[in-house]
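All figures in this text were calculated on a predicted structure; none of them were measured in a lab. Below, chains carry the letters A, B, ... as their sequence lines are ordered, and counting in each starts from 1.
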Amino acid sequence: MKKNYDSIIPPDDQAPADRALAPSRGPTRSLLDEFIGSTKLPSRLRRQQKFLRFLKRAAKDDRFMESVQRLRDAVLRAIIKRDEDALEKDGTEADEQANGLIVALTGVRGGEGTSILSLMLALSLGGCVHRKIAHLDGHFSGERFDAVSRVFGLTRNEFSVFKGATEVWGCHSESQPNIYFLTSIGVDGSLDFFSDKQLRKFLAELRRKFDLTIIDMPPLLNNSSNVFLVPEVDHLYLTVTAGKTPLVDVNRCKELTEQQGKELSGVIVNQQTIPFVCRLFWRDYFF
Amino acid sequence: MNDIIETDPDQYPVRPKKGHTWSLAFVKDRATRAVTRVPEIAYAVSRHWFAIVICIVIAAIAGWVFAQTRRHVYRGTVKLKVNPVASILGEQASYRFRDEMKLFMNTQTVILTSDSVLRKVAQSTGLDTPAEDAPLASESPVETVRRKIGQAKSTALEMLDLDEPRAGGFAREQALENAAETFRKRSNVVADPDSATITLEVYGADHARIRAELDGWVDAYITHVEDMDSTAHDEFFSNLLDYYSKLEKEAVEHLDAFKRDNPEVSEGELQWLEEQIADLKVRRGDLSRPGGGLGALVPGAGSGVIDPALASLTEALNVLTQQLIQKKAEGFREESQEVQKILRSRELVEKEIQQIRLGVDDPTSGDAELAAAQKRLEEQIAKRIESLTAELREKMVRRTALKEQLAERKRLEDDLQRIRDRRERYSSIRHDTLDMRESWKTVKVQRLDDPHVPSSPHEYRPLFVISLASLGGLGAGILLALVFEIFCRRVRFKHDLLNELDLRVVGVIPRR
């Protein structure tokens, strides 16, 4: 059942900043609402049951979705800033077709929930139907992509791009065709994929075809492939787990990113716990 | 890529700066926030709840172990009734008697806890012998170990010959004193003046020994009271009364001697003397008054018989004097005929009066005779005044001496009275004391019950100990959680990233 998103598409004469923030007024979890409830994974995808349970819980958790929306707004503000900078520099609006944003989410040592957050961020950004969003799983996990395609009912689409000899194609759902989930066959791992010389060309192709590309990067301190990818992305967000991730590791990630000539655009604190008494009076202290 | 990091660390300095991990400022900042901010405390408690639970469990177990291994202490009691007569009076008597009853009960308490009584208890119950040699009837394993250690210690001391004081009489005396002191520490006396009962309490670990000690204590107390009553005396008051009796006797002798030596000394004598002195003063004053001496020497003066001629002349003189005053008041001058006339009449009358007073029979006698008569009269008056003054001086000297003697007698009488009052007061006190002591002598100690030792230990409350220990464990756990949080080097809040690493937080996702 295809929804009509025409009513929430902002007019063309609207300022870029307003257009960027327009998705916050529209539906943001249509895919979750439509497919989560009735999806069952086959036995060979047993290890993805946890992922499916999490998506179900997330779909019912208003506070969690509200936090994801806040995260999405923060990312969109980065787009606004880019458009404003472009206006100041050239006096013309940035060419969105040639200058799509590459946003990467990475963890520190793994286990911070980066994959989930990147997926939720992509779904939330996809609420804006006039922008094309791509989500690239940097781990290139076949099981995870299979589970996602079953959960959201993805079908192979016309999008296809070659990175050297490797073909990367995009799948999307019929009910929300502006969100593409990118995958590839024959990639041994993220290091194999991102260390290729064709990476910059591949990312340029992504920029040209999508307004926003969300890359779920491998952990920064556990995978060397990030050395090649970090300089190429436009925004890099680090995901940390509250109460678990050492500050020393975060500092190390910060220094490592600075060595690559980039700066961390921001940090996402995941799995923040709040004591019961603090939920009443000191919620702002935590969120 | 890993090879690059390992072979070229200067290009990829992934290690943080040395000293960045544990800095004093970092710990101070964390400690300040953890102690002063409620969210930090709540977060520490909720995050380290497992440590808190472990602390509580460990503390509860420790409390349970403590309650189980603690030496059980039993409390034996025996109730005595002392001086039943006093208790009956105590319900009806005045506050004074109640105070005395309290004093009495306090005295009994002091007697019960006195060294002599407690030493008797120690002797009768064998407390002065080493207790560790005799095992207790209900001995716990911990107590057995403690007793064995004590025995080994004694044996070692004997072998090393370091326990010499135990050998002589001094050592025995010292052991007895120590036993009495130990018994005093684990015993208690509760006196109730209203019901005249005394409750003896003894704390110990063995039922039989507690009963024996209570029996021995009561026996020692009764024996001591009987001995004390037989030797009770009031030597102090007796000596005091003897002294004041002697003083009184001396004072009486002094007063009697004074009265015997000075029988005329009295208030009546002094008053009579005063009257005489006053009469003499009046008579001398009359003679000394100008013109007054004539009247005093006139025949018949002082007898109340007045010459009629002299009375008529005196009256005429008074009339003339009044007329003169009236004329002057009317404004007549001194030189006027009316005034001069009255003045001449007065002179004539005065002359006649003087003639009569001087005894000049001849009314026609001259001034020379009158002057001679006047002179004789003045000489007589002077002699009379002189004799009166001498008599007055004698009376006044006598009066002064009498006053001094009276004061001396008054002092003697006051001394005697004061001594008597004091003797009577001490006598009264002595009688009261004797009465009180007499009542104390009739102290009849009666056991209201046999020594009672409950089967359950005294103040044995394992649940309370465990609860208290758990509470302490909770506090320790919270403290431990705060310490953990202070020294925690992990991302806890968005403030940590902002303050420590100057990183912007774009989103905080709650835990599902």
Side-chain angles (χ1 to χ4, degrees), chain A residues 54 57-58 61 63-64 67-68 70-75 77-78 113 117 120-121 191 195 221 223-228 237-256 259 264-278 281-282 285-287, chain B residues 1-23 26 29-30 33 37-49 52 481 484-485 487-512:
Chain A
F54 172 79
R57 284 204 306 272
D61 191 347
R63 289 191 184 281
F64 175 75
S67 301
V68 172
R70 256 189 257 133
L71 178 62
R72 179 202 61 191
D73 293 344
V75 174
R77 283 191 195 97
L117 279 181
M120 300 304 295
L121 182 62
L191 181 61
S195 60
L221 298 182
N223 201 306
S224 305
S225 61
N226 299 306
V227 177
F228 304 101
Y237 295 99
L238 183 70
T239 308
V240 298
T241 307
K244 284 185 181 175
T245 307
L247 280 167
V248 178
D249 286 352
V250 179
N251 188 39
R252 200 176 296 172
C253 290
K254 180 186 175 187
E255 290 177 353
L256 191 63
Q259 287 165 12
L264 284 175
S265 304
V267 181
I268 303 166
V269 181
N270 194 16
Q271 298 185 22
Q272 176 73 62
T273 57
I274 175 170
F276 179 74
V277 292
C278 296
F281 305 107
W282 294 283
Y285 191 82
F286 294 88
F287 295 103
Chain B
M1 192 62 209
N2 290 332
D3 294 336
I4 294 174
I5 293 175
E6 289 172 5
T7 54
D8 194 1
D10 292 333
Q11 188 177 354
Y12 301 96
V14 295
R15 294 281 177 192
K17 295 175 185 175
K18 191 176 182 181
H20 177 80
T21 309
W22 301 108
S23 63
F26 165 75
D29 178 59
R30 281 284 177 93
R33 286 194 299 172
R37 296 189 181 178
V38 177
E40 299 255 356
I41 297 174
Y43 182 79
V45 171
S46 67
R47 188 179 169 200
H48 302 285
W49 64 270
I52 295 174
F484 282 164
E485 207 60 25
F487 291 97
C488 177
R489 285 295 299 171
R490 296 178 186 277
V491 179
R492 303 173 305 157
F493 316 110
K494 55 185 179 182
H495 307 289
D496 292 342
L497 292 165
L498 191 64
N499 297 332
E500 303 287 332
L501 303 175
D502 196 21
L503 285 174
R504 190 168 65 92
V505 177
V506 294
V508 181
I509 311 297
R511 188 187 187 92
R512 271 79 61 193

[atom1]-[atom2] distance between [X] and [Y], expressed to the nearest 0.5 angstrom:
X	Y	atom1	atom2	answer
B:L501	A:R252	CG	CZ	12.5 Å
B:R490	A:D249	CZ	CG	8.5 Å
A:T245	B:D496	OG1	CG	11.5 Å

I want to check something: taking the side chain as every heavy atom from C-beta on, are B:L497 and A:V240 in contact at a cut-off of under 4.5 Å? yes

Nearest heavy atoms of [X] and [Y], plus distance in Å:
X	Y	value
B:S46	A:P275	OG-CG, 3.5 Å
A:C278	B:P39	SG-CA, 3.7 Å
B:I509	A:S67	CD1-CB, 3.8 Å
A:L264	B:L503	CD1-CD2, 4.1 Å
B:R492	A:Q272	O-OE1, 3.0 Å

Any donor and acceptor pair, going by atom type alone, linking the side chain of B:R504 with main-chain N or O of A:S265 inside 3.5 Å? yes

Sub-3.5 Å donor-acceptor pair from the side chain of B:R47 to the main-chain atoms of A:G243, do we have one? yes

Using non-hydrogen atoms only, which part of [X] is less than 4.5 Å away from chain B: side chain, backbone, both, or neither?
X	answer
A:T239	neither
A:V250	both
A:I274	neither
A:F54	side chain
A:A242	both

Plane angle bin for A:F286 and B:F493 - parallel if under 30°, tilted between 30 and 60°, otherwise perpendicular: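 Ring orientation of B:F493 relative to A:F286: perpendicular.
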
Steps toward side chain to side chain contact (heavy atoms under 4.5 Å, CB included) verdict (A:T241, B:V491): CA-CA 7 Å; A:T241 307; B:V491 179; over 6 Å; no

Heavy-atom pairs under 4.5 Å with chain B - which of A:Y285, A:Y237, A:F276, A:F64 has more of them than the others?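 Top option by heavy-atom pairs under 4.5 Å: A:Y285.
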
